[in-house]
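Note that the structure is predicted; figures quoted are calculated from it, not measured.
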Amino acid sequence: MKDVYEYAVIRVVPCVVRGELINAGVILYCQPRDFLCARTELDERRLRTLDEDADVEGVRRALAAYERACAGESEALRAQSLGSRFRWLTAPRSTIVQAGPVHAGLTADPEAELEDLLDRLVRRATHTR
């Protein structure tokens with residue numbers, strides 16, 4: 001049986017004014033399966049192509065914060081429902097690391113779906129070279 005899931009691409013926008021971006025992760029939420037997870041992979045070379053002075057370590061910390069928030073590593077976040085965490089993480093922001101629009105789909109395996117989305121939306125650029 002397949003369940004509805006929602007996801008957003010986590011992207012890095014080194015210069016918000018220019019709007020250029022790279023995809024650096026995916027956050028996936030599946031309410032019926034009590035699943036919320038973010039996975040990130042930063043392609044430092046691509047980031048430096050957009051902004052040679054990018055704060056790579058700062059971006060890595062921001063990306064890791066998405067993963068920690070999904071895992072509920074802080075007591076304050078553990079008190080929030082998975083849906084509330086997902087909505088908070090995907091709310092529009094004008095920051096260097098931000099979530100894109102939320103999309104939906106159907107899956108029987110949220111973990112496998114997350115890996116597939118990473119392959120298609122984040123790792124794609126490195127796989128097609």
Side-chain angles (χ1 to χ4, degrees):
M1 181 167 162
K2 292 187 175 186
D3 291 306
V4 172
Y5 70 91
E6 299 172 83
Y7 75 94
V9 174
I10 303 168
R11 43 197 196 179
V12 179
V13 187
C15 180
V16 176
V17 174
R18 287 197 335 237
E20 298 170 325
L21 62 91
I22 62 169
N23 293 344
V26 176
I27 178 172
L28 189 143
Y29 171 55
C30 183
Q31 181 182 10
R33 306 268 176 134
D34 289 325
F35 182 90
L36 176 64
C37 188
R39 294 259 169 68
T40 62
E41 292 184 18
L42 179 62
D43 185 334
E44 185 177 328
R45 193 181 102 245
R46 290 183 67 213
L47 176 57
R48 293 259 187 229
T49 299
L50 292 180
D51 182 355
E52 63 187 31
D53 298 322
D55 177 6
V56 175
E57 286 312 308
V59 169
R60 286 189 192 286
R61 283 191 303 274
L63 291 170
Y66 275 83
E67 294 178 0
R68 288 192 314 275
C70 287
E73 289 186 12
S74 80
E75 190 172 330
L77 287 173
R78 273 193 306 276
Q80 300 296 316
S81 70
L82 296 182
S84 292
R85 276 189 251 166
F86 179 75
R87 300 285 172 242
W88 176 68
L89 289 166
T90 58
R93 291 177 172 80
S94 293
T95 61
I96 292 173
V97 177
Q98 56 185 255
V102 174
H103 304 281
L106 294 171
T107 188
D109 184 347
E111 183 74 34
E113 195 69 41
L114 180 57
E115 281 300 313
D116 182 57
L117 289 167
L118 274 169
D119 282 342
R120 289 188 292 126
L121 303 173
V122 177
R123 298 172 182 142
R124 184 178 93 94
T126 56
H127 287 302
T128 57
R129 288 187 191 134

Gap separating the [atom1] atom of [X] from the [atom2] atom of [Y], nearest 0.5 angstrom:
| X | Y | atom1 | atom2 | answer |
| --- | --- | --- | --- | --- |
| Leu114 | Thr107 | CG | OG1 | 10.0 Å |
| Ile10 | Arg39 | CD1 | CZ | 11.0 Å |
| Asp43 | Arg48 | CG | CZ | 12.0 Å |
| Thr90 | Arg85 | OG1 | CZ | 13.0 Å |

Side chains of [X] and [Y]: closer than 4.5 Å at any heavy-atom pair?
| X | Y | answer |
| --- | --- | --- |
| Val12 | Leu42 | yes |
| Arg87 | Glu6 | yes |
| Ile27 | Cys37 | no |
| Val59 | Glu57 | no |
| Phe35 | Glu111 | yes |
| Val102 | Phe86 | yes |

task: Enumerate the residue pairs fulfilling ring pair (Phe, Tyr, Trp, His ring centres under 6.0 Å) with a member in residues 93-114, sequence neighbours excluded, ordered by first and then second residue.
output: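 Listed once each, the pairs are Tyr7-His103.
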field: Of all pairs that satisfy side chain to side chain donor-acceptor pair (under 3.5 Å), the ones with a partner from residues 66-76, not counting sequence neighbours
entry: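 Those involving residues 66-76 are Thr40-Glu67.
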- request: Keeping to residues at least two apart or across chains, list the side chain to side chain donor-acceptor pair (under 3.5 Å) pairs with something in residues 26-38.
  value: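 Of all non-adjacent pairs touching residues 26-38, those that pass side chain to side chain donor-acceptor pair (under 3.5 Å) are Asp3-Arg33.
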- prompt: Leu36 and Leu118: same hydrophobic cluster, using ILVMFWY side-chain contacts below 4.5 Å?
  reply: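 Per the 4.5 Å side-chain linkage, Leu36 and Leu118 are not co-clustered.
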field: Arg93: partners by salt bridge (Lys or Arg N to Asp or Glu O under 4.0 Å), with sequence neighbours left out
entry: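 In terms of salt bridge (Lys or Arg N to Asp or Glu O under 4.0 Å), with neighbours along the sequence ignored, Arg93 is linked to no residue.
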task: Not counting sequence neighbours, which residues clear salt bridge (Lys or Arg N to Asp or Glu O under 4.0 Å) with Glu113? List them please.
output: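 If we apply the salt bridge (Lys or Arg N to Asp or Glu O under 4.0 Å) test to Glu113, skipping adjacent residues, there are no hits.
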- request: Begin from the C-alpha positions of Asn23 and Arg11 and carry the test side chain to side chain contact (heavy atoms under 4.5 Å, CB included) through to its verdict.
  value: CA-CA 4 Å; Asn23 293 344; Arg11 43 197 196 179; 4.2 Å; yes
How close do [X] and [Y] get, counting heavy atoms only, and between which atoms?
| X | Y | value |
| --- | --- | --- |
| Tyr5 | Leu106 | CE2-N, 3.3 Å |
| Ala99 | Ala8 | CB-CB, 4.2 Å |
| Leu28 | Pro110 | CD2-CB, 3.9 Å |

field: Qualifying residue, where the test is side-chain contact (heavy atoms from CB on, under 4.5 Å) with Asp53 and the options are Val56, Asp51, Asp55
entry: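 Answer after filtering Val56, Asp51, Asp55: Asp51.
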Candidate list Arg60, Arg46, Arg123, test salt bridge (charged side-chain N to carboxylate O under 4.0 Å, His left out), partner Glu41, passing option: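 Only one of Arg60, Arg46, Arg123 forms a salt bridge (charged side-chain N to carboxylate O under 4.0 Å, His left out) with Glu41, namely Arg123.
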- prompt: Between the side chain of Gln80 and the main-chain N/O of Leu77, is any donor-acceptor distance below 3.5 Å?
  reply: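 The answer is no, because no donor-acceptor pair under 3.5 Å joins these two groups.
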Name each donor-acceptor pair under 3.5 Å that joins a side chain in residues 13-22 to protein atoms two or more places apart or in another chain, with its distance.
unit_1, atom_1, unit_2, atom_2, d
Arg18, NE, Glu20, OE1, 3.1
Arg18, NH2, Glu20, OE1, 2.6
Arg18, NH2, Leu50, O, 2.9

